[in-house]
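Input: a single structure, listed below in structure tokens.
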Amino acid sequence: MDEGARSRIPRDDERTVAPNFVTAAVDRDLASGRVERVVTRFPPEPNGYLHIGHAKAICLDFGVAADYGGVTYLRLDDTNPVQEDPEFVDAIQRDVAWLGFEWIALRHASDYFERLYELARTLIRRGDAYVDSQDLDTIRATRGTVTTPGTPSPDRDRPAEESLALFEAMRRGDHPEGAYVLRAKIDMASPNMILRDPVLYRILHATHHRTGDAWHVYPMYDFAHPLSDAIEGVTHSLCTLEFENNRAIYDWLVERLFDEPVPRQYEFNRLELDHTVVSKRKLAPLVDAGLVDGWDDPRMPTLAALRRRGVTPAAIRDFANRVGVTKTNARTDVGLLEASIRDDLNAKAPRVMAVLDPVPLTVEGLDEGDVGVRDAPLWPHDVPREGDRPLTLAREVWVERGDVARDPPKGWKRFAPGATVRLRHGPVVRCDRVDVADDGRVTAVHGTAVDPGADDVKVAGVVHWVARSVAVPATFQLVDRLFPMPDPGADDRDVAEKVDPGALRTLHGVVEPYVLEADPATRWQFERQGYFWRDPAHRDADGPPVFLRIVTLKDGWAKAEAPAPRRERRPAPAAPTAPDPEPDKAATLDAEGRARLARLEGLGVAHRDAARLAEHADVTGLVEAAHGTGAGASAAALANWALNELPRALTDAGDRPLADAQLGPAAFAELVALVEEGVVSGPTGKALLAELVTDGGSARERVEARGLARIDDADALTETVAEVLDAHPDEVATYLGGKEGLIGFFVGAVLRATDGRADPAAVREALTAALDARR
RNA sequence: UGGCCCGUCGUCUAAUGGCAGGACAUCCGGUUUUGGUCCGGACGGUCGGGGUUCGAAUCCCUGCGGGCCAACCA
């Protein structure tokens, strides 16, 4: 990777990560020149194994950087020695590498302890942090609640020199745990609890797995994380939604301590998967309690388990791409993961046969020429790959117990008395008899080979089998969902007690001998059963080979037989209600607000608009001042624009507050008057408003300089309308066919063609007329 | 209860204020020596109410629903 390479916005077809709001932000930063090179990081805490949810984050972190020619750090966030373990450090690296990603460098937050300590001292010197001697309970109690402000610590104004000395003593280990903490001095009354003088450092007399006993103070996440990002030169720091509130402290720190371009944090939705839990903290108890057989137990959603099960990195990457990256709390159907796994394996897995729950079948009427070894293809007709394996046919074969029924249900395509079934790659067999034990269990099947060419033979279906003479005993492990309910983490009950004991079933059956001759790491499709491979944990063990089911095949029949319980629907929306009357804002106004309201109404602004406007002193001020300029704009129009158009212009200008806008009352009044008088069109007015907000200046001058006056010439409009319609014959046909929603498409096209100068209402009218004429 | 964030087919997710589209799932049909794959088709959605606009999923107000925050965890 070229260390100094400038990042470039990729074309859509060059992207491995589907465009999303994060890539949009990256695009903006690159286009504006705010950053030159994309740097991301994946920052797991080494306190557990990575899971499928991390895979989504990894694909995003690494994928985004790679798509732009940037780099990614793998950073172990080891700021809390009491809950971290080097075992996990190795596992994390193995999993990320397995997924197929390369980090530019492996880092630890502990690499930066010295640097972070200095940064903390800088904060203290500037009066932005202080050492607090309150104990934990007091700090908690004085933080306040979500509705009540906190109360400042008596140590809040401790002189910097004193804090510095204490902080140094804390570092040396002079004080017991809990005696002091370092706190940022921000705002004890902030509505964002994170900002109520957050703790930056605490005393911990613990041995760190990398720094040993060198430190007695350890930084908190909120301090170490943003500053580690900044130290590494991370440009886009991607994390999950629950850190949204933390962005405030993130910005507070990096903006105080570093120069532009400072890293920016973006929060995306974490992956929630049905019927499992995607949280290290909820997974760990399962491992600790022995409910599963370790972090790589095939029922687990960890990457180690998925790898052991035989799921490929490609399938996981595909899945990560399919679930997408947004800000909505989403819960993904496991079916989506399974679809990615099947798509991947369908083209990769050779087809062979295994009988998981065998029952003997005796085939009469097979002559010497029929039995013996033959070649059978490993691939179906629709997978473009070549290859055969030797397949032995004999009179005695094993078939699947589930493929035999004495009293078949309607639509049955397998063995049943009188039914005719083909043995895959073998003869057609008429079922003569089904033996059943007292308990109803099928014990044996008897059949006779028939000539498939005979007129009266109708082959109901195809069934898999293995000749008894060559069948190799094998064990099959069938993995199912870990929890029976879709959202096991929904309530506070311990997830451990919800684990489905039947989530792992073991079956003893047989497999074709060829399977044991091939590469033991082969992923197979056992026809009609699913994708399997040999459990890596058992490949070298004695005894029958152990096959893990990676994923089932789609099974239309199983669904027809026992329709899967439908997912709980979302709680039904409340019954349609009568129109909600909008509360009168005037009621909640304070004295000054009521005064503003009265003035606005006096100017002729309707009560409703006036009340909404009066809530904001600054916007009211703008409207009043604009009206006072005598530019001719009516107060009602000014209010309308201020209320409905200005917010978007402000948002588009980078969420800037009105105070930072370049738009003054005079320009605003002039603009609104221009539109009101019909000098410029509405669309032009809106475009100009956006320009005035960011760049300032005069609306009228812009109109004159750029010829933005409204198009009044009916003939010119008619001509443009005709051009647009001629350019879109298909759409015209569709419109005339009844899809009248297309009118918007045409209006938009005409507006674009005229640079927004046409009056939309006139355009629409002309369009409707022209379209009617073409009927 | 305060602040922040989020509501689009059953699920996940698109749509510079301009044709609500895709994937998974479901259903129907075709191909098939896998009840698989593949192909064709169908079903199905902008949380409710108001406002702005020629035009609103998108902007504004409001109601409702969901998530996050009061660790010396991350």
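Computed from a prediction, not measured in an experiment: that's the story for all the values here. Below, read A as the first sequence line, B as the second, and so on, with proteins coming before strands; counting in each chain starts at 1.
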Candidates B:rC54, B:rG2, B:rU34 - which lies nearest the side chain of A:Thr147: B:rG2
Side-chain-base donor-acceptor pair under 3.5 Å for A:Asn245 and B:rG3: yes
Nucleotide nearest A:Asn246 (side chain, heavy atoms from C-beta), chosen from B:rG55, B:rA74, B:rU32: B:rA74
Out of B:rU1, B:rU13, B:rG55, whichever nucleotide has its closest atom nearest the side chain of A:Arg764: B:rG55
Closest nucleotide among B:rC54, B:rG66, B:rG2 to the A:Pro760 side chain: B:rC54
Counter-base of B:rA14, judged by Watson-Crick or G-U geometry with both distances under 3.5 Å: none
Residue matched to B:rC64 through Watson-Crick or wobble contacts both under 3.5 angstrom: B:rG7
Any donor-acceptor N or O pair under 3.5 Å, side chains A:Asn192, A:Asn245: no
Whole angstrom value for the distance that separates C1' of B:rA71 from CD of A:Glu177: 14 Å
Presence of A:Thr328 side-chain N/O under 4.0 Å of B:rU13 phosphate oxygens OP1/OP2: yes
A:Leu241 CG to B:rG67 P, straight-line distance once rounded to whole Å: 13 Å
Which nucleotide in B:rA70, B:rC73, B:rC54 has an atom nearest any side-chain atom of A:Asn80: B:rC73
Candidate nucleotides B:rU13, B:rC73, B:rG2, ranked by approach to the side chain of A:Pro191 - the nearest: B:rG2
Span that lies between the C1' atom of B:rG66 and that of B:rU26, in whole angstrom: 26 Å
Of the listed nucleotides B:rC54, B:rG2, B:rA74, the one nearest the side chain of A:Tyr221: B:rA74
Aromatic contact, A:Tyr218 with A:Phe223 (centres under 6.0 Å): no
Comparing A:Lys56 and A:Gln525 on RNA chain B - which has the more 5′ nearest nucleotide: A:Lys56
Any N/O donor-acceptor pair, A:Arg196 side-chain to B:rA71 base, under 3.5 Å: no
A:Arg202 side chain near B:rA74 phosphate (N/O to OP1/OP2, under 4.0 Å): yes
Watson-Crick or G-U wobble mate for B:rG2, both contacts under 3.5 Å: B:rC69
5'-most by nearest nucleotide on RNA chain B - A:Leu643 or A:Glu731: A:Glu731
Euclidean distance for C1', B:rA20 against B:rA14 (whole angstrom): 9 Å
Nearest non-hydrogen partners of A:Ser153 and A:Arg183, listed with the distance: CB-NH2, 4.1 Å
Parallel, tilted or perpendicular: rings of A:His225 and A:Tyr250 (30°, 60°): tilted
Nucleotide nearest A:Pro683 (side chain, heavy atoms from C-beta), chosen from B:rC72, B:rC54, B:rC12: B:rC54
Residues A:Phe167, A:Tyr201; criterion ring-ring contact (aromatic ring centres under 6.0 Å, His included); working and verdict: CA-CA 9 Å; A:Phe167 191 40; A:Tyr201 270 89; 5.1 Å; yes
Integer angstrom distance from the P of B:rU16 to that of B:rU52: 25 Å
Distance between P atoms of B:rC27 and B:rG21 (Å, rounded): 24 Å
A:Arg414 (side chain) and B:rG35 (base): donor-acceptor pair under 3.5 Å: yes
Short side-chain donor-acceptor distance under 3.5 Å, A:Gln265 and A:Glu244: no
Between A:Thr142 and A:Arg196, a side-chain donor and acceptor under 3.5 Å: no
Sugar-phosphate, base or nothing in reach of A:Arg322, heavy atoms under 4.0 Å: sugar-phosphate
Under-4.0 Å side-chain N/O to phosphate OP1/OP2 contact, A:Asn644 with B:rC61: no
Nearest-nucleotide pick for A:Met220, side chain only, options being B:rC12, B:rA71, B:rU13: B:rA71
Nearest-Å distance for atom pair CG/P, residues A:Leu553 and B:rU34: 12 Å
Test: A:Glu242 and A:Arg270 ion pair at under 4.0 Å: yes
Heavy-atom donor-acceptor pair, A:Arg422 side-chain to B:rU33 base, under 3.5 Å: yes
Nearest-angstrom distance, C1' atom, B:rA56 to B:rG30: 42 Å
Polar pair under 3.5 Å, donor/acceptor by atom type, side chain A:Arg752, base B:rU16: yes
Protein-nucleotide distance (A:Asn329, atom CG; B:rG67, atom P), rounded to Å: 8 Å
Length of the line joining A:Leu356:CG and B:rU34:P, which is rounded to integer Å: 19 Å
Sugar-phosphate only, base, or nothing, as touched by A:Gly178 at under 4.0 Å among non-hydrogen atoms: base
Out of B:rA23, B:rU53, B:rC73, whichever nucleotide has its closest atom nearest the side chain of A:Asn640: B:rU53
N-glycosidic conformation, B:rA57 - syn within 90 degrees of 0, else anti: anti
Span that lies between the C1' atom of B:rG49 and that of B:rC64, in whole angstrom: 10 Å
Pairwise C1' distance for B:rC9 and B:rA57, with rounding to whole Å: 13 Å
C1'-based separation of B:rC47 from B:rU8 [nearest Å]: 10 Å
Whether A:Trp557 stacks on the six-membered ring of B:rG35 base, 5.5 Å and 30° limits: yes
Side-chain donor/acceptor contact of A:Lys554 with base of B:rG35 under 3.5 Å: no
